[in-house]
Amino acid sequence: MADRPVPPQVPYRFERTHAAAEVVARWGGIEAGTETGETVAVAGRVGLSRPQGRVGFAELRDWTGSVQLFALDGTTADFAGFSKLRLGDWIGARGEVMKTRRGELSVRVSEWVLLAEARRGFGDKWRGVTNPEIRYRHREVDLWANPQARRVAQLRVLLLRRLRERLWERGFDEVETPMLHAIPGGALARPFVTHHNALDIDLYLRIAPELYLKRLVVGGLERVFEVGRVFRNEGISHQHNPEFTLLELYQAYADYRDLMVLVEELVSGLALDLLGTTEIVVDGGRIDLAPPWRRATMTELITESAGIKVDVHSPLEDLRRHLRAVGAPEPPAEWGAGKLLLELYEKTTERELSGPVFVTDWPVEVSPLARRHRDDPDLVERFEPVIAGREIGNAFSELVDPDEQRARFVDQARQRAAGDEEAMILDEDYLWALEQGLPPTAGLGLGVDRLVMLLAGVDNIREVIAFPTLRPGRDELT
RNA sequence: GCGCCUCUAGCUCAACGGUAGAGCAACGGACUCUUAAUCCGCAGGUUGGGGGUUCGAAUCCCCCGGGGCGCACCA
């Protein structure tokens, strides 16, 4: 760290007239060695700087891109100071747009001002920062030093914007529901616990917004969605962060088939918005997201990928035998055909599915909020969209019958008593709401982080979350 | 949670039982169209922390901490 004096006066604002990308877009085509007579003011961080005696060059980088600054002793104010700018310093600069003899579009700086200094280094100017610990703990460094990190962040920003726009276009209203739940519900997961002092009660960070969103549908909001964080107290992996962003939406008068159409249009549309193509590359393989996606039942897919002919009506012992044959650990004795079938699917099939495919018709035992299948009472009308072996969401025709919902909750309570900590807890307020009448409704959850991962072509969820959950570090990295 | 790997200058990496180094950054200087500019000079470290083995430890062993990967759990 240098003993450079703190700038005596950093201005409170800077009047920027053009982003770097705007300068490039407007004047990028001019001839080498020409001047435009147009003055602009740009601002950003100094990238590579090449002071060279009585002339100097520096890359000015902002969120949109970069443009070269060209300084000359005699015409650039405080030329000596300009020559001493360091990698990462923020400056604002005013000058004429021109192109150097070598053909580099530049702003010939007449005046400039230091907006903030970078007292700390920003890593190797060529290789950036690759140490994952620094990249995740100090994302601000990563974002500046590594173009890939910037690209992913920009992709995520754009995805969230276009996602909302596409839902608004379809008549969905964005709403907000509580994050602090007295009863954690809407998903099978273990919650984080917290405490409210004034009420002196434990509260849970939500594991899903589902039950509240459906209560809004009961209240008459026919198409709602929420994009927000949910929290699940489970292990961390390259596919899992304890807090992650979920899109949930509910559409009255629709069933799960309608949502399949919605999902394939939404996801392929977002791919077009962000990438200009529906084709993505995952693990070196190409996957086309253009509709229509294949629809196949869970049992069909198990048979297809593992050669095992079973379904939810198969004898328990058959299902257990197949699980043993694929090397799965012995499941608990109380598991029914539904859980066993799902286990078999996850062990043998899910990972093999390149997709995109809608895996449909799930066992009722593992779907306590979904409506029974119109053709088979042991199944529900549910699907998960799978791309590259990864579930990116979950959707179903919603269970609307309060009596049956109560029975499902009671069944969950039984599983919970048997030791399943992820089983749901009976929620009287939710049942009360159902008794007011939930119209036929279809609901969807989409993992936003996983969607960003697919479209950005990264295989670690930490790459798409600006500040992923880490153990608190010691002070040596500060 | 369990297993394996990893931690050396601000960053990226060498040195793998025998005097801790390089490139970049930083700092001082030269240079009037550069593109990872070039050139000269200078400085930079309890080798993640602690303990042990050894004449001698960045290097071998043990404990602790951070991180990565795999498994398990889930979206």
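Nothing here was measured: the structure is a model prediction, and the numbers come from that model. Residue numbers begin at 1 in each chain, while the letters A, B, ... track the order of the sequences.
Near RNA chain B, defined here as any heavy-atom distance below 4.0 Å, there are no residues from residues 332-343 of chain A. RNA chain B is contacted by no residue of residues 257-267 of chain A, taking any non-hydrogen atom closer than 4.0 Å.
Using a 4.0 Å cut-off between a side-chain N of Lys or Arg and a carboxylate O of Asp or Glu, A/Arg320 and A/Glu343 do not qualify as a salt bridge. No salt bridge links A/Lys99 with A/Glu35; every basic N to acidic carboxylate O contact stays at or beyond 4.0 Å. Salt-bridge formation is detected for the pair A/Glu117/A/Arg119: a Lys NZ or Arg NE/NH1/NH2 atom is positioned less than 4.0 Å from an Asp or Glu carboxylate oxygen. The residues A/Glu381 and A/Arg371 are annotated as not salt-bridged, no charged nitrogen and carboxylate oxygen being separated by less than 4.0 angstrom. Ionic pairing of A/Asp411 and A/Arg408 is not present here: no N-O contact between side-chain nitrogen and carboxylate oxygen is shorter than 4.0 angstrom. By the 4.0 Å N-to-carboxylate-O rule, A/Asp420 lies close enough to A/Lys339 to be salt-bridged with it.
Among the heavy atoms of the strands, none lies under 4.0 Å from A/Gly445. Among the protein residues, A/Glu384 comes within range of no part of the nucleic acid, since none of its heavy atoms lies under 4.0 Å from any strand. Among the atoms of the strands shown, only primed sugar atoms or phosphate atoms (P, OP1, OP2) are found under 4.0 Å from some heavy atom of A/Leu470. Within the 4.0 angstrom heavy-atom criterion, no nucleotide atom of any strand lies near A/Ser106.
Under 4.0 angstrom from either OP1 or OP2 of B/G66 there lies at least one side-chain N or O belonging to A/Arg471. Listed pair A/Arg50 / B/A36 fails the phosphate criterion, with no side-chain N or O lying under 4.0 Å from OP1 or OP2. Listed pair A/Arg137 / B/G67 meets the phosphate criterion, a side-chain N or O lying under 4.0 Å from OP1 or OP2. For A/Asn460, no side-chain nitrogen or oxygen approaches OP1 or OP2 of B/G68 to under 4.0 Å. Remark: A/Arg462 is not in phosphate contact with B/G67, judged by side-chain N or O atoms under 4.0 Å from OP1 or OP2.
Taking atom C1' in both B/U59 and B/G52, the straight-line distance is 15 Å, to the nearest Å. B/A9 and B/G45: their P atoms are spaced 10 Å apart (whole Å). Comparing B/A37 with B/C4, their C1' atoms are spaced 45 Å from each other, to the whole Å. The separation of B/G3 from B/C64, taken at their P atoms, amounts to 11 Å, rounded to a whole angstrom. Taking atom C1' in both B/C11 and B/A26, the straight-line distance is 11 Å, to the nearest Å. The same atom, C1', is picked in B/C63 and in B/A20; the two are 26 Å apart, to the nearest Å. Rounded to whole Å, the P atom of B/A43 lies 29 Å from the corresponding atom of B/U35.
Closest-nucleotide positions on RNA chain B for A/Leu87 and A/Ile392 were compared, and the one nearer the 5' end corresponds to A/Leu87.
Taking the side chain of A/Thr130 as heavy atoms from C-beta on, and the options B/G67, B/U12, B/A72, the nearest nucleotide is B/U12. The side chain of A/Phe244 lies closest to B/A75, out of B/A75, B/C11, B/U35. Which of B/A75, B/C69, B/A37 sits closest to the side chain of A/Lys125 comes down to B/A37. When distances run from any side-chain atom of A/Glu422 to the nucleotides B/C73, B/C11, B/G67, the shortest one goes to B/C73.
Between A/Trp27 and A/His18, the ring planes are tilted. Angles from 30° to 60° get that label. Using cut-offs of 30° and 60° on the angle between ring planes, the pair A/Phe383 and A/Tyr256 is tilted.
At least one side-chain heavy atom of A/Val312 sits less than 4.5 Å from a side-chain heavy atom of A/Leu379.
Tested against A/Trp335, the residues A/Leu323, A/Leu342, A/Leu340 include a single side-chain contact (heavy atoms from CB on, under 4.5 Å) partner, A/Leu340.
What separates CZ of A/Arg127 from P of B/A22 is a distance of 16 Å, to the nearest Å. A straight line from CD of A/Glu391 to C1' of B/C73 spans 12 Å, rounded to a whole angstrom. What separates CG of A/Leu105 from C1' of B/U35 is a distance of 14 Å, to the nearest Å. Atom-to-atom, CG of A/Asp124 to C1' of B/U12 comes out at 5 Å; the value is rounded to the nearest Å. In this structure, A/Arg232 atom CZ and B/A72 atom P are separated by 20 Å, rounded to whole Å. Nucleotide B/A75 holds its P atom 17 Å from the CD atom of A/Glu243, rounded to whole Å. As rounded to whole Å, 13 Å separates atom P of B/C24 from atom CG of A/Leu48. Following rounding to the nearest Å, A/Asp89 (CG) and B/A25 (P) show an atom-to-atom distance of 14 Å.
With a 3.5 Å ceiling on both atom-pair distances, the Watson-Crick or G-U wobble partner of B/U38 is B/A30. With a cut-off of 3.5 Å on both Watson-Crick or G-U wobble distances, the partner of B/U12 is given as B/A22. B/G17 is unpaired under the Watson-Crick or G-U wobble criterion, no partner having all donor-acceptor distances under 3.5 Å. Across all strands shown, B/G70 forms a Watson-Crick or G-U wobble pair with B/C2, both key distances being under 3.5 Å.
Both tests hold for A/Arg61 against A/Trp144: distance to the six-membered ring centre under 6.0 Å, angle to the ring axis within 45°.
The closest side-chain donor-acceptor pair between A/Ser305 and A/Thr349 falls under 3.5 angstrom.
Atom CG of A/Leu167 and atom CZ of A/Phe225 lie 5.0 Å apart (nearest 0.5 Å). If you take OG1 on A/Thr245 and CG on A/Leu163, they are separated by 11.0 Å, rounding to the nearest 0.5 Å.
For B/G67, the base has no donor-acceptor partner in the side chain of A/Asn131 [N/O atoms by modelled type, under 3.5 angstrom].
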- prompt: How far apart are the C-alpha atoms of A/Leu246 and A/Val448, what are their side-chain angles, what is the distance that settles it, and do they pass the side-chain contact (heavy atoms from CB on, under 4.5 Å) test?
  reply: CA-CA 6 Å; A/Leu246 189 62; A/Val448 170; over 6 Å; no
Polar pairs (N or O, both sides) under 3.5 Å between protein and nucleotides 28-33 of chain B?
| unit_1 | atom_1 | unit_2 | atom_2 | d |
| --- | --- | --- | --- | --- |
| B/C31 | N3 | A/Gly53 | N | 3.0 |
| B/C31 | N4 | A/Gly53 | N | 3.2 |
| B/U32 | OP2 | A/Arg54 | N | 3.4 |
| B/U32 | O4 | A/Arg54 | NH1 | 3.2 |
| B/U32 | O4 | A/Arg54 | NH2 | 3.1 |
| B/C33 | OP1 | A/Gln52 | NE2 | 3.4 |
| B/C33 | O2 | A/Arg101 | N | 3.0 |

